[in-house]
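Data first, discussion second: the structure below is written as structure tokens.
Values in this document were obtained by computation on a predicted structure and should not be read as measured data. Naming: A, B, ... by sequence-line order, numbering from 1 per chain.
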2 protein chains.
Amino acid sequence: MPKVSEEHRAEKRQQIIAATLRCVERDGFHKTTMAAVVKESGLSAGSVYTYFRSKNDIIHAIAQSGLTGVTAAINRLIPEEGSDMDAPPPEWAIEAATQHLLDLGTELGVDLPRIALQTWAEAARDPEIHAIMVPEARRIRDAWRNYAEKAIDAGQFRRGADPERIAMVLTGLLPGFILQRIMLGDVTPKIYAAGLADLLD
Amino acid sequence: MPKVSEEHRAEKRQQIIAATLRCVERDGFHKTTMAAVVKESGLSAGSVYTYFRSKNDIIHAIAQSGLTGVTAAINRLIPEEGSDMDAPPPEWAIEAATQHLLDLGTELGVDLPRIALQTWAEAARDPEIHAIMVPEARRIRDAWRNYAEKAIDAGQFRRGADPERIAMVLTGLLPGFILQRIMLGDVTPKIYAAGLADLLD
DNA sequence: AAAAAAAACGAATGTTCATTCTCTTTGAGA
DNA sequence: TCTCAAAGAGAATGAACATTCGTTTTTTTT
């Protein structure tokens, strides 16, 4: 084939990333071999290497896109952009966020919680990946703070409460949901949200 | 040396585990080479292999002890065993639990959050490690449920609230603390607890 | 329809690493 | 003090794996 269009190239890259995600869900980044990615993608070794310089390059691409896909949506989901509606109660927001995470995974055909966990573990040990992922983590926190500000205005929380601190707790609930889903498997968005409601009285 | 006492053997194993933990904190399980463990432990390759059958064997030992060490203590910390004192408010409990996690890490000379994250990632992809870690995860949840029951009695939460659900949320707050500590680095037990207090009104 | 340029292929390569093996040292028991 | 079984050492081994390379296929362009 001669030089191929930029869109086709992007599609192929996406196909390789999708194959890698399926491998990573099963085996984690380090036990995922390029041979497995090659097989899962249906391409050949040489071909994969015309789209990505290295395995590490694929991982970086995942670190960049993976979270963004999930959380840009959460971002939009939560804070009721410039509108006249009040911010929803936190249990509703948490249910929506966790549910969205699962739905997006279904849509992509992968178990997003598992992949997210592997990605975080990589970020914890590889400064480059950490650097790639921090901005998105910050964006999630900011989205929650944005929500918290509105929720304070709406009287959901004590007037004078610190929105950044509230955002820390709400941000923290997501990994907790993911981890318990992996370790104990019994948490659902609805139950988790109900638990938060119980906690809030 | 001739056959060595069982205690001495246990000490040596501990020494190797401690060395491995230092490596894992830096590099994760898969990028930690046996050469690094050997160097960090101050022993020789042959020697390490007289105390552990394999690298995997060391990892299993960590999965077994790692969490147990942390959380058995949390377990004791939270629920005010058979006493006449009321259960503390949840923000106090969360502050104590997260603070304990950091303190124990300091005591062991490692960053426990990082190691915990690596361990969870392993559990997510290796069924054997998962099986090793599930009972402890369950124990943490149970400890929180135990706390929740007492806290409901003490009027901290709505009478009729479901203690198991509340336990899910409280359990979930710990990984959230750990992950934000690694990704954003700005969370402390005090701030996190204050955030929870704000959330609770 | 021929040429050219890039993609696809998959066997070959070289490196990294866990584990083993042989040799040496050690110290508890006789 | 001497013996010997076990521990300690570290070089050697072999398997696994990412990446490359020489060749073949494809399809746009002329």
With respect to the phosphate group of [N], does any side-chain polar atom (N or O) of [X] fall under 4.0 Å of OP1 or OP2?
{"X": "K12(A)", "N": "dA8(C)", "value": "yes"}
{"X": "Y49(B)", "N": "dA9(D)", "value": "no"}
{"X": "S44(A)", "N": "dA8(C)", "value": "no"}

Length of the line joining [X]:[atom1] and [N]:[atom2], which is rounded to integer Å:
{"X": "R13(B)", "N": "dA7(D)", "atom1": "CZ", "atom2": "P", "result": "13 Å"}
{"X": "L43(A)", "N": "dC9(C)", "atom1": "CG", "atom2": "P", "result": "6 Å"}
{"X": "D27(A)", "N": "dA16(D)", "atom1": "CG", "atom2": "C1'", "result": "14 Å"}
{"X": "E6(B)", "N": "dA7(D)", "atom1": "CD", "atom2": "P", "result": "10 Å"}
{"X": "I16(A)", "N": "dT19(D)", "atom1": "CD1", "atom2": "P", "result": "13 Å"}
{"X": "H30(B)", "N": "dC17(D)", "atom1": "NE2", "atom2": "C1'", "result": "14 Å"}
{"X": "F52(B)", "N": "dT20(C)", "atom1": "CZ", "atom2": "P", "result": "16 Å"}
{"X": "H8(A)", "N": "dT27(D)", "atom1": "NE2", "atom2": "C1'", "result": "12 Å"}

5'-most by nearest nucleotide on DNA chain D - K31(A) or A45(A):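 Its nearest nucleotide being more 5', the pick is K31(A).
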Least distance between heavy atoms, L112(B) atom then G105(B) atom: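 Shortest heavy-atom contact: CD2-N, 3.6 Å.
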Interatomic distance, R181(A) atom CZ to D111(A) atom CG [nearest 0.5 angstrom]: 7.5 Å
Identity of whatever pairs with dG14(D) - Watson-Crick or G-U, under 3.5 angstrom: dC17(C)
Ring geometry between H30(B) and H30(A) (parallel below 30°, tilted from 30 to 60°, perpendicular above 60°):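 Correct class here is parallel.
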Side-chain donor or acceptor of E40(B) paired with backbone N/O of T20(B) under 3.5 Å: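 No, because the side chain of E40(B) does not come within donor-acceptor range (under 3.5 Å) of the backbone of T20(B).
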Touch class at under 4.0 angstrom, heavy-atom based, for S5(A) against every strand present: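 No contact at all - S5(A) keeps every heavy atom at 4.0 Å or more from the nucleic acid.
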Touch class at under 4.0 angstrom, heavy-atom based, for Y51(A) against every strand present: sugar-phosphate
Starting the side chain at C-beta, find the nucleotide from [options] nearest to [X].
{"X": "T33(B)", "options": "dA18(C), dT20(C), dG10(C)", "answer": "dA18(C)"}
{"X": "K55(B)", "options": "dA18(D), dT19(C), dA7(D)", "answer": "dT19(C)"}
{"X": "T50(A)", "options": "dT19(C), dA7(C), dG10(C)", "answer": "dA7(C)"}

SB check R145(B) D142(B) (cutoff 4.0 Å):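 D142(B) and R145(B): salt-bridged.
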